[in-house]
Amino acid sequence: MSDLGRMGNSSVERTKIAVLGMGHVGLPTALGLAELGWDVIGADSNPETVATLKSGKSWFYEPDLEPLLQKHLASGRFTPSDDVDGAIASATVLFVCVGTPQGDDGKADLTQIESIARMVARNLNGYKLIVEKSTVPAITAQWVKKTIARYSRVEPSLVGKGNGHGNGSQAAKPGKRVRAASTQPYFDVASNPEFLQEGRAIENFFKPDRIVIGVESERARELLEAIYRPLNCPIVVTNITTSELIKHAANAFLSTKISFINMVSDICEAVGADVVNVAKGIGLDPRIGTGFLSAGIGFGGYCFPKDLRAFMHLGEEHGADCALLKEVERINLRRTDIFLKKVRKALWVPQGKTIAVLGLAFKPRTDDIREAPALKIIKALLKEGASVRVYDPEAMPNARHVLPEEPGRVTYCRTAYETATGAHALLLLTEWKEFKELDLHRVRDLMEVPILVDGRNLYDPADASRAGFEYHSMGRDSVLHHFPVLTNVRPAVRRRQAATPAKLEKATTKLRAVAN
Ligand code: UGA
């Protein structure tokens, strides 16, 4: 508890934390907080998820997560529980990490957030700080506040207005309207958006670029600053709505960078420039920055596509012009078509061809396949009559649910080399490190036809070409000259080029005669 000792506030030191929702955000957050010294309950209404966690296993793949889980199950600082009501009742700080999926019209579906607010209301047995960590549209916190007040019957005018540091011992009785002392609010709502990336969540938790907290009371601010102080990074304190908006703006901006470089990639291809070098050339300008300028098959995952839509929806609802973000989305949706066009151009006819696919996850270091461009590409190729052999280091169990094995049509393989065997083309769709390290000569030898279409610019065109591939990538010239049929022709070509001075003289005389 050494970190907590520095806070010098006994009520803070006794604070218990509950993290509600044990998903890609909640679980890394809960374990990170346990590592910082807090007692954390990891609550989830799914008993299977909780049973898996209790056994020391995570239900999804995330590097470095399981060792931390096992460490804090053993230390006793992390307690998984499927009793969400109990977790809320016994904790003071509640991090809300439930899902906010996309609704039919692009709007964020806040059903789970509302349900948590109502659960908080019925378990409001003292002061509680409810921290929104899930990505939500601006002004959600106001609804959370209203809902808790409405269902707990706490006077709304007294919520979030206090600056007291009391021990919160006055219990609100469910079903009874409670008058809180003006210096002692029964609850505060705060916003603390997460910026964790899947595949790097633990690393991101301990080394954040910044922490953003949106608060309405000193008490909420002090608690959150105390929690995050050991991380030693800039803490941006704002009002709640601003903090909520920062999260959507961050994801929208990163998506915009990706669509921008993808548009540049198409121009590069048309004029014979190299997008990787363009990205380097512009990215070294600190005003632009090198991150999120990798051209490819577009962004996927649970966050960018849905957050972009939710942000647009919010803007349009309030009369703001969101045309820029619409274009970002449109460019992204076209990426898979642009890639498929490349595949068709290389293969001519996909019908009856065997296509090897490396990578199914929406990005490396995760088993998450939600909105993965790879799956859209595979489905289109299957529709055109191709068969696929697929491999991903982590995402195959998830992929099998949406893309079941079908003999002769969809084959799951155990290694990248097995995948390439007998294929008429190899598609690189997720840039796992393991794929970068492949022996490309060996891969080529295993294939029926050595065509490599790289949707992530993972390989150096010269390396792919040296290994004997016809190589296509994104926003860079294709390398065609190593197609095997040309190898027999090469000596003849060389002979033609190696003209002797006498032959040249003879040819020149002939030309002059023609010209005269
Ligand atoms: C994203 C944000 O980066 C996190 O800061 C945020 O916390 C998270 O969403 C969230 O809202 O929960 P994540 O979806 O895990 O994180 O993944 P990213 O690394 O951002 O990648 C998103 C997609 O963009 C992937 O499909 C990736 O392949 C693609 N991408 C990324 C590119 O196509 N080019 C790039 O240069 C970078």
(request) Could you walk me through whether Arg335 and Met474 pass side chain to side chain contact (heavy atoms under 4.5 Å, CB included), step by step? (result) CA-CA 10 Å; Arg335 295 317 288 167; Met474 310 301 284; 3.6 Å; yes

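- Remark: Glu329 engages Arg309 in a salt bridge, criterion side-chain N to carboxylate O under 4.0 Å.
- The closest side-chain heavy-atom distance from Leu340 to Ile377 is below 4.5 Å.
- Heavy atoms of other residues, nucleotides or ligands lying less than 6.0 angstrom from CZ of Phe206 number more than 12.
- Checked against ring pair (Phe, Tyr, Trp, His ring centres under 6.0 Å), His248 has the following partners two or more places apart in sequence or in another chain: Phe311.
- Counting non-hydrogen atoms of neighbouring residues, nucleotides and ligands closer than 6.0 angstrom, the CD1 atom of Ile288 exceeds 12 such neighbours.
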Residues 270-286 side chain polar contacts: donor-acceptor under 3.5 Å, at least two apart:
from: Asp274; atom 1: OD1; to: Val276; atom 2: N; distance (Å): 2.8
from: Asp274; atom 1: OD1; to: Asn277; atom 2: N; distance (Å): 3.4
from: Asp285; atom 1: OD1; to: Arg287; atom 2: N; distance (Å): 2.8
from: Asp285; atom 1: OD1; to: Arg287; atom 2: NE; distance (Å): 3.2
from: Asp285; atom 1: OD2; to: Arg287; atom 2: NE; distance (Å): 3.4
from: Asp285; atom 1: OD2; to: Arg287; atom 2: NH2; distance (Å): 2.8

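- The environment of Tyr417 atom OH is dense: over 12 non-hydrogen atoms of other residues, nucleotides or ligands sit within 6.0 angstrom.
- Here the closest heavy-atom approach between residue Ala87 and residue Leu94 is recorded as O-CD2, 4.5 Å.
- Although no hydrogens or angles enter the test, the distance criterion places no donor-acceptor pair under 3.5 Å between the side chain of Glu431 and the main chain of Pro364.
- Atom CD of Glu48 sits in a sparse spot, with 12 or fewer heavy atoms from other residues, nucleotides or ligands closer than 6.0 Å.
- Between the Lys128 side chain and the Ala91 main chain, a donor and an acceptor come within less than 3.5 Å of each other.
- In this structure, Trp143 places its CH2 atom where only 12 or fewer heavy-atom neighbours from other residues, nucleotides or ligands lie under 6.0 Å away.
- Judged purely by atom type and a 3.5 angstrom limit, Asp367 has no side-chain atom pairing as donor or acceptor with the backbone of Met396.
- Within the 4.5 Å cutoff, the side chain of Ile113 has heavy atoms near those of the Ser134 side chain.
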(request) Could you go through the side chain to side chain contact (heavy atoms under 4.5 Å, CB included) check for Tyr471 and Leu440 one step at a time? (result) CA-CA 12 Å; Tyr471 178 72; Leu440 287 181; over 6 Å; no

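- With salt bridges taken as basic N to acidic carboxylate O contacts below 4.0 Å, one links Glu327 and Arg330.
- In this structure, Thr100 contributes its side chain and Ala108 its backbone to no donor-acceptor pair below 3.5 Å.
- The backbone N or O of Tyr459 lies less than 3.5 Å from a partner atom in the side chain of Asp454, making a donor-acceptor pair.
- Enclosure of atom CZ in Arg334 is not indicated, since only 12 or fewer non-hydrogen atoms of other residues, nucleotides or ligands lie within 6.0 angstrom.
- Within the structure, every pair that satisfies the ring pair (Phe, Tyr, Trp, His ring centres under 6.0 Å) test and touches residues 269-300, not counting sequence neighbours, is listed here: Phe299-Phe304.
- Summarising the geometry of Ile116 relative to Leu20, their closest heavy-atom pair is CG2-CD1, 3.8 Å, with the distance given to 0.1 Å.
- Under the 30°/60° scheme for interplanar angles, the aromatic rings of Phe205 and Tyr228 are found to be tilted.
- Leu438 places a side-chain heavy atom less than 4.5 Å from the side chain of Leu358.
- Ser473 OG to Phe339 CZ: the interatomic distance, rounded to the nearest 0.5 Å, is 10.0 Å.
- Contacts of Phe60 classified as ring pair (Phe, Tyr, Trp, His ring centres under 6.0 Å), with partners at least two apart in sequence or in another chain: His24.
- Side-chain contact between Met22 and Pro80 is absent, with no heavy atoms from C-beta onward closer than 4.5 Å.
- Put simply, the residue from Arg456, Lys376, Lys342 that forms a side-chain contact (heavy atoms from CB on, under 4.5 Å) with Ile297 is Arg456.
- Judged as a ring pair (Phe, Tyr, Trp, His ring centres under 6.0 Å), and not counting sequence neighbours, Phe95 has no contacts.
- Side-chain contact between Thr238 and Val236 is present, with heavy atoms from C-beta onward closer than 4.5 Å.
- The residues Asp368 and Arg370 are annotated as salt-bridged, a charged nitrogen and a carboxylate oxygen being separated by less than 4.0 angstrom.
- Ion pairing of Arg400 with Glu405 is present here, as a side-chain N (NZ or NE/NH1/NH2) and a carboxylate O approach within less than 4.0 Å.
- Residues meeting the side chain to side chain donor-acceptor pair (under 3.5 Å) test with Arg210, sequence neighbours left out: none.
- Taking both residues in full, the closest heavy atoms of Gly291 and Lys257 are given as O-NZ, 2.7 Å, listed atom of the first, atom of the second, then distance.
- By the 4.5 Å heavy-atom criterion applied to side chains, Trp432 and Tyr391 are not counted as neighbours.
- What you find for Ile331 and Ser259 is that their closest heavy atoms are CG2-O, 3.7 Å.
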(request) Show the numbers, then the answer: is there a side chain to side chain contact (heavy atoms under 4.5 Å, CB included) between Gln197 and Glu203? (result) CA-CA 9 Å; Gln197 284 176 274; Glu203 186 190 326; over 6 Å; no

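- A donor-acceptor pair is defined here as one N or O able to donate and one able to accept, closer than 3.5 Å; no such pair exists between the side chain of Thr411 and the backbone of Arg389.
- Glu434 and Pro393 get closest at one heavy-atom pair: OE1-CG, 3.5 Å.
- The closest side-chain heavy-atom distance from Val388 to Leu382 is below 4.5 Å.
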(request) Decide yes or no on side chain to side chain contact (heavy atoms under 4.5 Å, CB included) for Ile240 and Glu216, but give the supporting numbers first. (result) CA-CA 7 Å; Ile240 298 180; Glu216 281 182 339; 3.6 Å; yes

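- Salt-bridge check for Lys247 with Glu194: passed, with a basic side-chain N closer than 4.0 Å to an acidic carboxylate O.
- With hydrogens and angles left out, the side-chain atoms of Asn239 and Thr241 include no donor and acceptor closer than 3.5 Å.
- In this structure, the side chain of Lys363 engages the main chain of Glu198 through a donor-acceptor pair within 3.5 Å.
- To the nearest 0.5 Å, the span separating CH2 on Trp38 from CG on Leu33 amounts to 8.5 Å.
- Across all non-hydrogen atoms, the minimal contact from Cys303 to Asn251 is CB-ND2, 4.0 Å.
- Between Val237 and Glu225 the shortest side-chain heavy-atom distance falls below 4.5 Å.
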